[in-house]
J.: 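Please find one structure pasted underneath; my questions will follow.
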Amino acid sequence: MSVEAGKVFSVVKDNPWVEGCTLSSEVMKTAAGEVQVFSLAPHTRISPESYANTRLWYVESGTFDVERTDKQAFQVHTGELYAVPLDEPIGITTEEGCIYLELSFPKGSVSELKLERGSAVKLVSHLPYQQGKIINMDLMQAKGAHFALMSFFEDTALSEHAAPGRALVFDVAGSTTITYNGTPHKLTAGEHFIFDKGGKHAVHADTDYTMALLILDD
């Protein structure tokens with residue numbers, strides 16, 4: 001079952017790993033895409049699989065090694081976003097354990113991806129802060145889906161507006177106040193928030209603040 005809109009939640013705190021196991025659960029799902037959380041205990045792995053659709057893995061906690069055929073293992077760390085290569089066997093191993101989000105989109109739906117498949121970017125350092133400004137960078141465009149990264153200088157804000165689809169906020173760094181349907185909610189790094197389509201919300205950066213935002217059409 002998807003996470004309820006309008007409540008602050010933590011993927012890491014809400015999905016602790018189980019010794020010797022790998023776990024997965026649904027965070028958000030529409031016809032335009034879905035988000036799942038995976039919790040891998042130390043010394044576990046996910047066997048190599050090939051993916052015909054676009055998938056992005058965002059590490060919330062820990063580190064994992066990406067296994068690729070005939071290529072040296074590639075390590076992905078906390079706070080990094082990894083764009084999974086298409087149609088190539090990809091596996092994951094972790095020695096210390098890890099918790100990550102998987103964003104997946106229907107085959108052929110992605111029209112623009114400003115990330116190199118097979119590489120990782122650290123989101124907190126991907127955009128600068130500029131005094132008095134909010135900076136937006138689109139990371140992906142797809143049919144019915146939009147994924148963006150935003151940096152807010154301290155005390156900048158977005159006035160109240162309505163979400164065009166179901167939306168997931170990732171607090172990448174800093175702290176913010178999100179007012180949703182008239183109720184303020186404090187978020188700090190590592191926490192998340194979901195808006196329902198049409199949900200009225202405003203964003204105020206309490207510190208320098210970086211967030212990722214995924215919007216999915218219903």
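Positions are given from 1, in the same order as the sequence printed here. For the numbers below, each heavy atom of this structure counts, side chains included, while hydrogens, waters and symmetry mates do not.
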J.: Could you grab the distance from atom CG of L187 to atom OG1 of T176, nearest 0.5 Å is fine?
T.: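 Going from CG on L187 over to OG1 on T176, the span is 7.0 Å.
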J.: Taking atom NZ as the centre, does K122 end up with more than 12 heavy-atom neighbours from other residues, nucleotides or ligands that are less than 6.0 angstrom away?
T.: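 Atom NZ in K122 is crowded, with more than 12 foreign heavy atoms closer than 6.0 Å.
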J.: Does a donor on one side chain sit under 3.5 Å from an acceptor on the other, for S2 and E26?
T.: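 S2 vs E26: donor-acceptor pair found between side chains.
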J.: Give the ring-plane orientation class for W57 versus Y51, where under 30° counts as parallel, over 60° as perpendicular and anything between as tilted.
T.: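 The arrangement is perpendicular - the two ring planes meet at more than 60°.
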J.: With the 4.5 Å side-chain cut-off for hydrophobic clustering, are I46 and V37 part of the same group?
T.: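 Not linked; separate clusters.
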J.: Applying the 4.5 Å side-chain criterion to the ILVMFWY set and letting contacts propagate, would Y58 and L216 be lumped into a single cluster?
T.: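 Yes.
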J.: Looking at CG of L213 and CG of L139, how far apart are the two atoms once the value is rounded to the nearest 0.5 Å?
T.: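 Going from the CG atom of L213 to the CG atom of L139 covers 10.5 Å.
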J.: Any chance the side chains of E191 and H185 put a donor and an acceptor closer than 3.5 Å?
T.: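 There is no such pair between these side chains.
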J.: Do the side chains of I215 and L168 join up, straight or via other hydrophobic residues, at under 4.5 Å, putting them in one cluster?
T.: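 No.
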J.: Give the minimum heavy-atom separation between D138 and K114, together with the two atoms involved.
T.: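 Answer, listing the atom of D138 first, then K114: O-CD, 3.1 Å.
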J.: Parallel, tilted or perpendicular: which describes the rings of Y209 and F152, with under 30° parallel and over 60° perpendicular?
T.: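 Correct class here is tilted.
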J.: Find the distance between CD1 (I90) and OG (S47) and round it off to the nearest 0.5 Å.
T.: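 Going from CD1 on I90 over to OG on S47, the span is 13.0 Å.
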J.: Check for me, please, whether M140 and L115 land in the same ILVMFWY cluster - side-chain distances under 4.5 Å, paths through other members count.
T.: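 Yes; L115 is reachable from M140 via cluster members.
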J.: Are side-chain N/O atoms of H43 and E95 paired as donor and acceptor at under 3.5 Å?
T.: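 Judged by distance alone, the side chains do pair up.
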J.: So, T63 and E96: side-chain donor and acceptor under 3.5 Å apart, yes or no?
T.: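 There is such a pair (donor and acceptor under 3.5 Å, judged by atom type) between the side chains of T63 and E96.
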J.: Please assess R55 against E102 for the test salt bridge (Lys or Arg N to Asp or Glu O under 4.0 Å), listing each intermediate value before the final yes or no.
T.: CA-CA 7 Å; R55 296 179 185 232; E102 179 182 81; 3.0 Å; yes
J.: Are the side chains of R117 and T54 in contact, using a 4.5 Å heavy-atom criterion?
T.: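 Heavy-atom side-chain distance check passes, below 4.5 Å.
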J.: Taking all atoms of both residues into account, what is the closest heavy-atom pair of Y129 and A173, and its distance?
T.: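 So the two residues come closest at OH-CB, 4.2 Å.
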J.: To the nearest 0.5 Å, what is the distance between OH (Y100) and CD (E80)?
T.: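 The distance works out to 15.0 Å.
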